[in-house]
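Beneath this line is the structure, given in structure tokens, with notes to follow.
Residue numbers begin at 1 in each chain, while the letters A, B, ... track the order of the sequences.
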Amino acid sequence: MNDLTIGIGGAAGDGIDKSSETLAKTAARSGLYAYGFNSYQSVIRGGHIWLRLRLREERAYSQGDHLQALIALNQDSIERHAPEVESGGAILFNADKLKVNIAIRDNVLTVPLPVGQLTKPFAPVAPVMQNTVAVGALIFLFGLDFAVSSGVLADTFSHKGKAVIDQNVGILKAGYEYAKEHFVPLGYKWNFSGKRRPYVTGNEAFCMGAVAAGCRFYSAYPMTPASGILTWMAEHSERCGVVVKQMEDELAVANVAIGAGFAGARAMCATSGGGFALMTEAIGMAGMIEAPVVFIEVQRGGPSTGIPTKQEQADLNQVYGASQGDFPRIIIAPRDTADCFDTAVEAFNLAEKYQCPVIIISDLLLSEHPETVEPECFRADVPIDRGALLREVNAKNGRYKRYEFTPSGISPRALPGTANAMYVAATDEHDEEGVLISDVFCNPAVRRKIAEKRMKKLALALKELPAPRLEGPADAEVTLIGWGSTAGVIREAVEQLNASGVRANQLHFKYLLPFHQKEAIDILKSCKRTIGVEMNASGQFARLLRAETSHAVSDKILKYDGEPLEPAAIAAQVRAILKGQAHSLDVSQSEAREIAYHYVRVYLGDEVRPGNIGKAESNGYGEPIWNVEIVNRETGAKTGELRVGVQTGSTYSWQPVN
Amino acid sequence: MNDLTIGIGGAAGDGIDKSSETLAKTAARSGLYAYGFNSYQSVIRGGHIWLRLRLREERAYSQGDHLQALIALNQDSIERHAPEVESGGAILFNADKLKVNIAIRDNVLTVPLPVGQLTKPFAPVAPVMQNTVAVGALIFLFGLDFAVSSGVLADTFSHKGKAVIDQNVGILKAGYEYAKEHFVPLGYKWNFSGKRRPYVTGNEAFCMGAVAAGCRFYSAYPMTPASGILTWMAEHSERCGVVVKQMEDELAVANVAIGAGFAGARAMCATSGGGFALMTEAIGMAGMIEAPVVFIEVQRGGPSTGIPTKQEQADLNQVYGASQGDFPRIIIAPRDTADCFDTAVEAFNLAEKYQCPVIIISDLLLSEHPETVEPECFRADVPIDRGALLREVNAKNGRYKRYEFTPSGISPRALPGTANAMYVAATDEHDEEGVLISDVFCNPAVRRKIAEKRMKKLALALKELPAPRLEGPADAEVTLIGWGSTAGVIREAVEQLNASGVRANQLHFKYLLPFHQKEAIDILKSCKRTIGVEMNASGQFARLLRAETSHAVSDKILKYDGEPLEPAAIAAQVRAILKGQAHSLDVSQSEAREIAYHYVRVYLGDEVRPGNIGKAESNGYGEPIWNVEIVNRETGAKTGELRVGVQTGSTYSWQPVN
Amino acid sequence: MATIVELPVESFEGIVDPDWCPGCGDFGVLKGVKMGATKAGVSPKDMVIVSGIGCSSNLPGYVHAYGVHSLHGRAVAVASGIKLANTDLKVVITGGDGDGYGIGIAHFIHAMRRNLDLTYVVMDNQIYGLTTGQASPTTLKDARTKSTPNGNVEFPINPIALALVSGATFVARAFSGEPNHMADLISAGIQHKGFALIDVFSPCVTYNKLNTYQYFKKRVYKLEDEKGYDPANVAKATERSQEWGDRIPIGLFYRSEQPTYESSEPVLRKGPIVRQNMHLDKGVFQGLVTELM
Amino acid sequence: MATIVELPVESFEGIVDPDWCPGCGDFGVLKGVKMGATKAGVSPKDMVIVSGIGCSSNLPGYVHAYGVHSLHGRAVAVASGIKLANTDLKVVITGGDGDGYGIGIAHFIHAMRRNLDLTYVVMDNQIYGLTTGQASPTTLKDARTKSTPNGNVEFPINPIALALVSGATFVARAFSGEPNHMADLISAGIQHKGFALIDVFSPCVTYNKLNTYQYFKKRVYKLEDEKGYDPANVAKATERSQEWGDRIPIGLFYRSEQPTYESSEPVLRKGPIVRQNMHLDKGVFQGLVTELM
Ligand SMILES: Cc1ncc(C[n+]2csc(CCOP(=O)(O)OP(=O)(O)O)c2C)c(N)n1
Ligand SMILES: Cc1ncc(C[n+]2csc(CCOP(=O)(O)OP(=O)(O)O)c2C)c(N)n1
Ligand code: SF4
Ligand code: SF4
Ligand SMILES: [Mg+2]
Ligand SMILES: [Mg+2]
């Protein structure tokens, strides 16, 4: 089966996003699956972007760990990524400006494109259009459908008129024809099903789920990686009838959403970790006054401001512990993009049925990476269940009890504007009618019963939530355990393991609170060996799992460097664990190079780069060290040596050659 | 051994606090131990206060569960508490206004005091001084030292001058002499050691520990039950050289304290759950920039605004999960009042040694109840360890690395104002020198190493913290597990159990993060049966314990009605558990009365009160019900009937007699 | 303006008696709010009173209307959400000086520049009452409180001036000792389309021994009684807002007609969102999907 | 005033080059801050620059001085703590309009009424730059931004007017296109004893296509050039603060000498608390224990 990963590397502003979108949509309209991930390049100077787009006939569950095609928009991208291109692949670049000056693998085609010459007929040409030449060439070489791609461009530029469309399609064609003339296709025979699929991010899927589920109020304060939701909502506000309100801070965001939820609107807000910290007090309020609201917490690298454009799953403790006291709340971690849609719908129904805050916990990868999703996943006719909502209240039945002590814990809710149902929703403790018992009159018996009433709702909600289940061979030697957005990458790791003879399966959690204790314990009992796989430094989910089930995972695979997990790396670590190899936190040689790159960029300047690297025993630093030669970029001459601690990663000393 | 509990009941403004303090200090100066707890009365009208003061020759670890003396300042107090006074005890009241109109136990002395007549010589007399008559009489009856008590009054009123002192002491004496004339003492023979002890609350002990440890900055926003710290600090600001700053909100409070900590002052702030929610984002900042700060979270009844003047331990999840991402923080839950002093000192040292936020988790009971503490507990010469603090930095050693990657994870800290050490403390991820790596340049290798550097500090801190240990017989049948302020009451429960033939012991936790996993697991393995005892609805600590050790407690004793645990009630529940009796959440008969009292107060008015109560099978309400007669206060005539659900506690119907 | 149907003030009578200290200024404000709502022709079922936390913030519990007794400092944000969700409701915010000008000041200022149709009644007792007497943002300089035992070092906030500068379109001050005057202002505030602030001197008899009834009785005068005072003139209003000392103005400082936020928000033109169909039109939804292909 | 020892401006040169977009107004402010500090005779080791989060808030990282790059909106609070802990330090706050007037507005306003000796430089680009272009509290009405694609419905905040009303004792405005003028204002602000606000028009060339260099170049004029303009007159300052349109004033609006918070706080009379003995005097401590017996 074809599995093509295209990497596009260049600087911010090079139009990488657009090129990738053209390719992705071309594939998506032809019936292929696409999965994109945009990660900032981590070395050398300049704000470099490294975008990977993976195309398959079957669904891609992650950005993968291969590279077949490279479109290099600057020399750095060649220097760094050309060696990664696998046999049978190709490197495409603008021959007017760039050259392949580094060793590449065997059987990799270099495709120098005479961009100037090819685009001349379409002058004047904006610099970003040069990419289109490469896109055209790539389409030829990798057997994608040219007609479809020109249709994509036509749609992309439809608002700019025919001239612009013609220009773009012309350039695309020039690249395509040039490749056709000079190269033979690389043997990709695609089975195009022709089924068109939307190419969509998790944030967009959340939005579409929300508006389908009747969300009519969205409040926000911008924060990466949740801002995409605000952008979408603001753009579609009128069309979807959603009041979109940017507030002065996240305190206001949460409180205004709760106000709207209390008044009867389906209301949502979203933020990332720092903003969520500010929302926590309000979440306790929603729990106490039993107002339905949906919160989305899109995790990014922490702690604190942290690494705002990077991936992590380390806000679980915060979300779990949001606000003081015990109160019911539901926490859901969607598995993938399509699941974002379903989760949003489900969240609104749960919020109104159980009259409590529902928190969706996402992350940068899930929220921001685009992928193809089956169009059937997006449905306008989703179920809308508003729970026990009273349309009218008859005064003859006595005073309305907003917080009636029912056996289920759910008290029928009336909205402001309803006659005969006036009540005050108070964050102070209250009785069935909402009258305070918090003051000097505190009544322990009433307090006990209302606390129990509220908490009961959680047990009820648990019953309707699907329990976790083992995926993969039941008799596996090892079970990989994850939560949220890592479902796909773990699935691929499990596939790789099974393919390579290690029997593995997967246990993945979406519903974190309430938690399926019993079901989880039963499954875990059947597992021979468990490995928790998550993207944080302390194993926050493994801790939650242990708290709920007593099960301590046998091992953990933790990643907290900001880059997403990759299937082969997980599989390799699993194999090492099974072989009993201890996981080392030492700085590897390639990491030493990265550290040196950082040092160079910040302190030494552009003219130099890391060269040879050798390990040495400690000489006075208390640990072994990496000696990293720093060489001149142009000449390769050694300009000095940097010492990096193997254990600590400290950059002990920089000694220029005198 | 004498064990005397005095209850004082009356309305707010009746001067109950002062009377209790006179008695407590009299005892404390004579060498007795005193333990006071002030809990709002939960029934009938008016903002009633119910204060219990326990006096012993040996230390009292809780407010206990007995009552030997009642000073009733209004009729309600008699109605409610006179029947609780135990044989050999006494009921003291103002005979001019009150009478004992309810059945009391055998061998209880009623002491009607002709207050008007006794205070006449001292006119004009403020109403609150009337209590002093009762205090004087009580001192005689229960064998306390009159001379000492008049000394206490003299000190209390020293700032008001001799006339006021003479008046107060005169009235005290009048009560004393009246009792001497009309009654015989109740046979309390105290062994007065004469050792004077301070009578102090946890909040005061925190303050004293803080100022002894060099705290010179305190910021706050008022919030019960943490406000006492602000009051003390504001009063002692000049004397102790502490800048005390009330800020506009808790966001500011936390951030201003972090600023002060960063700049080199030992800084502290305190709040309760809701305010702490607002501080969480800043706590993550302190973790990230490695600034030392001490936070105190004084828990009260939650969730949300909750029951602000009531006791609970339900903010553990919040404190544990404070702020996004993984970062080191230390959480300590002091066991008792004296421990508050030590914990404050320790917290400042830990904060500076490990350059991280330290959170002390207290609660209303611990922070607000006063008790006698050995004076030696309070020491001016506490150890002050500022950790790796650089007084000067030599430029010859190269650029200063604020976040140097050291093997221990601790990086020597320079304060602003130090030459050659300029750096920027950033909440964005950074390298050793503090330069950002969070932006487009994010460097995964540097990121990994600095994240590990920070987290390492926790493992190091754990080594110096004392491990938990079993208290009581090692071969116990049952182990009671608790955390924080419940150490004393659980200890007394364990004593009662052992005294009654149930071999019990106690495992108590003070250090919650980092956690002594290994030691705890070892101890838990040796336990036959464990019961978690805590003051919240979900068993937050039991969950933490399971997360850390896999140990699921066999049973839980949870209290979340706002009133503190009492030793006999714990012991009784333990016995029931050991007998295999299921714990019922049904509304008991006395609780049904409480619920009816609440209903009466809010909806029916002062003229009526609950009368007879009988249980009946459900008749249409889906559960059995309590039928509570409501009767006229004066005449006792039935005015109607209230139905209270036995399972839900719902007040189904109120049917007036026609 | 539609004709006003005045319900009897008893329609707003709550179940619970206030537990304020006897003599607390908030009793007068409670009366003023009920009367004001009556005069404005509001019916209890369409009224939502939103408060924060504080003695004053207990007020919604004493009125027979919908209410949210929210978090300390967050009333304005909660109220904004209620109003945006259901523009048919009359939303009145009530709370204290600490609640509104201390911890809640951000929402206060930003709500004013939004000109949402909200009425905000602040029971300004220049102290934190519920937490037993610490300095508030309006506590006078040098005043001794529990948190400033040696005298307050900070200058007080001037809510009237702040409101004028922040775009409030109705800015008034009342005194608990003049409940009828206050009720008129509250009624006018409720009827005003846009954000209305009514700052009320509401003495805390327990913890503020400085700014008492007597203190204000001696000093307050009514702007309405000043010849030629024109509440349309923002400069004059600003000038009066600075007056403090022997004479302190109460009454309507300023009023202007500006488009409200609600009227500028296109989504709300179809009526309150709570009344809209929950299901999105299929065609509209399909359009969203198509966009992504 | 002590004689000023001017260090060369290079003393403040940071290690890292700014990663702002080419042409960003913040480059000018960076220069202005360094020059201002130099002119005020501050030495890098005694200077702490505190920022929040935003493009503008990256500034401390580009200056060779102490710094805290704190949380979004919290810079003023963090800076207050630093100043109170060590009054010997010169504390300058730098940040954006969103940071200071949006999420941070509460601290901004309360710091002004405290009159702490802080200098606050706001890089006001009327947009949220770092989060790629949403409306900020100073975004003009009707402006289209990422979060207001159909035009902003809210009125902008007027920081100068707000500062005047809130008790700031030094209120100025500068323009990134006039770095020398700005440096003088920053220098004067640093030397001013009390809270100094310098709001700087610092165009975001990437996300704000409305309030550009050109926009301001055409409109700004200097108050210093206005005959008879007296920065001691708060009423005149208030009047000018309202000016917006063809002519927009920059320069010093207002200055007055008021006791600072630090000078009013008795504890600080003995000098900075960071320099005090950590151990409490035994006698004092014994007194605390005795109180309780
Ligand atoms: C986040 C938070 N911080 C602090 C408190 C404690 N608190 C309750 S009311 C109050 C102040 C009340 O003052 P004000 O708003 O002026 O009302 P007043 O009692 O004077 O009417 C405070 C600080 C709280 N409930 N929540
Ligand atoms: C609590 C919190 N909310 C949101 C953010 C995301 N955020 C970072 S910078 C910023 C706005 C920056 O705007 P401004 O202060 O005007 O600075 P500029 O980038 O325009 O210079 C926001 C919303 C954050 N870091 N923290
Ligand atoms: S404390 Fe003050 S504000 Fe609160 S109820 Fe009493 S008088 Fe009113
Ligand atoms: S986005 Fe705007 S504010 Fe940010 S660096 Fe670029 S020009 Fe400056
Ligand atoms: Mg107040
Ligand atoms: Mg900005």
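A 4.5 Å side-chain heavy-atom check between B:Met208 and D:Leu292 finds at least one atom pair inside the cut-off. Here the side chains of D:Val274 and B:Leu415 are not in contact, with every heavy-atom distance at 4.5 Å or above.
Under the 4.0 Å criterion applied to side-chain N and carboxylate O atoms, D:Glu291 and B:Arg239 are assigned as salt-bridge partners. In this structure, B:Glu248 pairs ionically with D:Arg114, as a charged nitrogen and a carboxylate oxygen lie closer than 4.0 Å.
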Criterion side chain to side chain contact (heavy atoms under 4.5 Å, CB included) on D:Ile82 and B:Phe262, from CA distance to verdict: CA-CA 7 Å; D:Ile82 295 169; B:Phe262 162 82; 3.7 Å; yes
Worked verdict on D:Leu268 versus B:Val243 for side chain to side chain contact (heavy atoms under 4.5 Å, CB included): CA-CA 8 Å; D:Leu268 294 175; B:Val243 170; 3.7 Å; yes
Worked verdict on B:Leu251 versus D:His107 for side chain to side chain contact (heavy atoms under 4.5 Å, CB included): CA-CA 9 Å; B:Leu251 303 166; D:His107 314 312; 4.1 Å; yes
B:Met422 vs D:Lys45, test: side chain to side chain contact (heavy atoms under 4.5 Å, CB included). Steps then yes/no. CA-CA 6 Å; B:Met422 277 74 87; D:Lys45 82 171 184 37; 3.8 Å; yes
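Applying the 6.0 Å contact sphere to NZ of B:Lys195 captures more than 12 heavy atoms from other residues, nucleotides or ligands. Shown here is B:Glu392, whose CD atom has no more than 12 heavy atoms of other residues, nucleotides or ligands within 6.0 Å.
Proximity to chain B (any heavy atom under 4.5 Å) is shown, for D:Ile109, by neither the backbone nor the side chain. Of the atoms belonging to B:His236, it is side-chain heavy atoms, and not backbone ones, that fall under 4.5 Å from chain D. Neither the backbone nor the side chain of B:Ala24 has a heavy atom closer than 4.5 Å to any heavy atom of chain D. With a 4.5 Å cut-off on non-hydrogen atoms, D:Val68 touches chain B through its backbone and its side chain both. D:Tyr66 touches chain B through backbone and side chain together, each having a heavy atom under 4.5 Å away. Neither the backbone nor the side chain of B:Ala257 has a heavy atom closer than 4.5 Å to any heavy atom of chain D. Contact annotation for B:Ala28: neither backbone nor side-chain heavy atoms come within less than 4.5 Å of a heavy atom of chain D. Contacts of D:Val48 with chain B are made by side-chain atoms alone, with heavy-atom separations under 4.5 Å and no backbone atom involved. With a 4.5 Å cut-off on non-hydrogen atoms, D:Ile53 touches chain B through its side chain but not through its backbone. B:Val435 touches chain D through its side chain: at least one heavy atom from C-beta onward sits under 4.5 Å away, while N, CA, C and O do not. For a residue to count as touching a neighbouring chain, one of its non-hydrogen atoms must lie under 4.5 Å from one of that chain's; by this rule D:Asn58 touches chain B with the side chain only.
Taking CZ from D:Arg74 and OG1 from B:Thr427, the interatomic distance works out to 12.0 Å, rounded to the nearest 0.5 Å. Distance check: B:Met288 CE to D:His69 NE2 gives 11.0 Å after rounding to the nearest 0.5 Å. In this structure, the separation between CG on B:Asp381 and NE2 on D:His279 is 8.0 Å, given to the nearest 0.5 Å.
With chain D as the partner, the residue from B:Gly434, B:Ala425, B:Ser237, B:Ala282 showing the most heavy-atom pairs under 4.5 Å is B:Ala425. Listed options B:Arg196, B:Arg386, B:Glu204 were ranked by heavy-atom pairs under 4.5 angstrom with chain D; first place goes to B:Arg386. The greatest number of non-hydrogen atom pairs below 4.5 Å with chain B, out of D:Ser80, D:Gly61, D:Ser70, is found for D:Ser70.
Contacts from residues 85-100 of chain D to chain B, taken as heavy-atom pairs separated by less than 4.5 Å, involve D:Ala85, D:Asn86, D:Leu89 in sequence order.
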